[in-house]
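For reference, the structure is listed below as structure tokens.
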Protein chains: 2
Amino acid sequence: MGRRSDHSRAELREIIISEGHRQMQEVGFARFSAREVAKRIGYSIGTVYNVFGSHDGLILAINGRTLELWLGYLEARLNLVEPGGDRLARAIDAYFEFAIANRHAWAALYDFRLPNDVEPPDHYRERVAAIVAAVEREVAAVLAAPRKSEALKLTRSLLATVHGHCFFALNGTFRMLGETDPLAAARARVDDALEGYR
Amino acid sequence: MGRRSDHSRAELREIIISEGHRQMQEVGFARFSAREVAKRIGYSIGTVYNVFGSHDGLILAINGRTLELWLGYLEARLNLVEPGGDRLARAIDAYFEFAIANRHAWAALYDFRLPNDVEPPDHYRERVAAIVAAVEREVAAVLAAPRKSEALKLTRSLLATVHGHCFFALNGTFRMLGETDPLAAARARVDDALEGYR
DNA sequence: ACTTTTTTATGATCAGTGTTCAATATAGCG
DNA sequence: CGCTATATTGAACACTGATCATAAAAAAGT
């Protein structure tokens, strides 16, 4: 067969990413298959490789989509906070809620590792940066004026803290250790950290 | 062929785990292959399945070995701390040092996920518990007497905190975000948390 | 309208994987 | 020494990521 132009290149990209993301969320990183995605959208495996170049390229695009959705969720959640509400606590909630509602797609963000000598593509870096920036705004809002310059450094560390708790919550470590309220623990650690910066 | 009894069952287990662990550390979880392990030890793939039942069984055994080594490293490190030294800070160092020195084997601990309805085997749970207990001792030693009963709960949360920092350090997230001293950040978060418990 | 060129989609093909299991070779027992 | 229980094998199966000559369709040229 030759070019069908049922879909433009951009449409095709979108179709593959969309179905790929659905697949990822359904079966998880370990069982994800590019061939299966091709089958489901009615294109051949070769077409997927034409568009994304490699398995890794496809996964990066799917993970990029997950980051987009994550940022969207975080912003929507923050928009619901009434004036005077604890916006940072709600951001932590959003971290957990998104990860739980999108277990497999979220986990794929960390299951996939680029070869050590390869940098993630710009679109990917930008999306991560956007999420960090959204959190940084909330962290900065809570810091005492003379310490606001430390907001980014602190934000990175708080994200790692929350990530650790969320990861242990989802991968079963906390259940194994008898912890029943990981979210509360994460909030407590963030509060502890902010104590000295107020 | 039939039984060669070059090695007893226990010896065979050890040979496979040992070579499997080496493989895991060399190529990482994504490229790990049971067939390759079999090839390298001069047994057939069937034998590996006889001994471990499945790919997952083999990986659990290898990850169990990693946990063993990790506990050993942690204990050795703590034994070097002179009286009056900051034992908890050295435990955090040990977390990072082991993960860095054993990147792939350490990452495999988290890359591998059991099906949701399957519990990890006892030997695995026990090894995780042993590591937690070793850290808990150090946490308890630092707590004010009336709060020592909270040691386990706090330990779980501190482990998650350190894990998050270590994970971001090794998977490139911190580099991407411009953080150059993840270990210091982890220590700072732990100190912040302990502040209220002293 | 009819070539010619360029682009795009295909799927057979290759090398690899996890997994199964009938066939077989051996160790140890009677 | 023969027999049986058991350990070991590797071919077979169904899948995977990846490649690329082939063919079809669109676009450009005449």
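Since this is a predicted model, take the numbers as computed values, not measurements. Each chain gets a letter, A, B and so on, in the order the sequences are listed, and its residues count up from 1.
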[Y] and [X] side chains, donor-acceptor separation under 3.5 Å:
X	Y	result
A:R189	B:S157	yes
A:Y95	A:H163	yes
B:S54	B:D56	no

### Task
Classify the side chain of B:R35 and the base of C:dG16 as holding, or not holding, a donor-acceptor pair under 3.5 Å.
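It does not, because no donor-acceptor pair links the side chain of B:R35 to the base of C:dG16 below 3.5 Å.
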Whole angstroms only, please: what is the [atom1]-[atom2] distance between [X] and [N]?
X	N	atom1	atom2	value
A:I45	C:dG16	CD1	P	19 Å
B:D56	C:dT19	CG	P	7 Å
B:D6	D:dT9	CG	P	9 Å
A:I59	D:dT16	CD1	P	13 Å
B:Q23	C:dG18	CD	P	11 Å
B:H7	D:dT6	NE2	C1'	18 Å
A:Y49	C:dT13	OH	P	18 Å
B:H55	C:dT17	NE2	P	10 Å

### Message
Mind checking if A:F52 touches a base, just sugar-phosphate, or nothing, with heavy atoms under 4.0 Å?
### Response
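Since no nucleic acid heavy atom lies under 4.0 Å of A:F52, the category is nothing.
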### Task
Could you check whether B:L12 gets within reach of a base, just the sugar-phosphate, or nothing at all, counting any heavy atom under 4.0 Å?
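Sugar-phosphate contact only.
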Under 4.0 Å from OP1 or OP2 of [N]: is there any side-chain N or O of [X] that close?
X	N	answer
A:S33	D:dG17	yes
B:R31	D:dT16	no
B:T47	D:dT8	no

### Task
Applying salt bridge (charged side-chain N to carboxylate O under 4.0 Å, His left out), run through B:E82 and B:R90 and close with a yes or a no.
CA-CA 11 Å; B:E82 67 276 13; B:R90 294 299 79 72; over 6 Å; no
### Query
Thinking salt bridges, do A:E36 and A:R40 make one under a 4.0 Å N-O criterion?
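Result for this pair is yes, salt bridge flagged.
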### Query
Out of C:dT19, D:dT8, C:dA9, which nucleotide sits closest to the side chain of B:Y43?
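So the nucleotide nearest the side chain must be D:dT8.
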### Query
So which one's nearest nucleotide on DNA chain D is more toward 5', A:N50 or A:K39?
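The answer here is A:K39.
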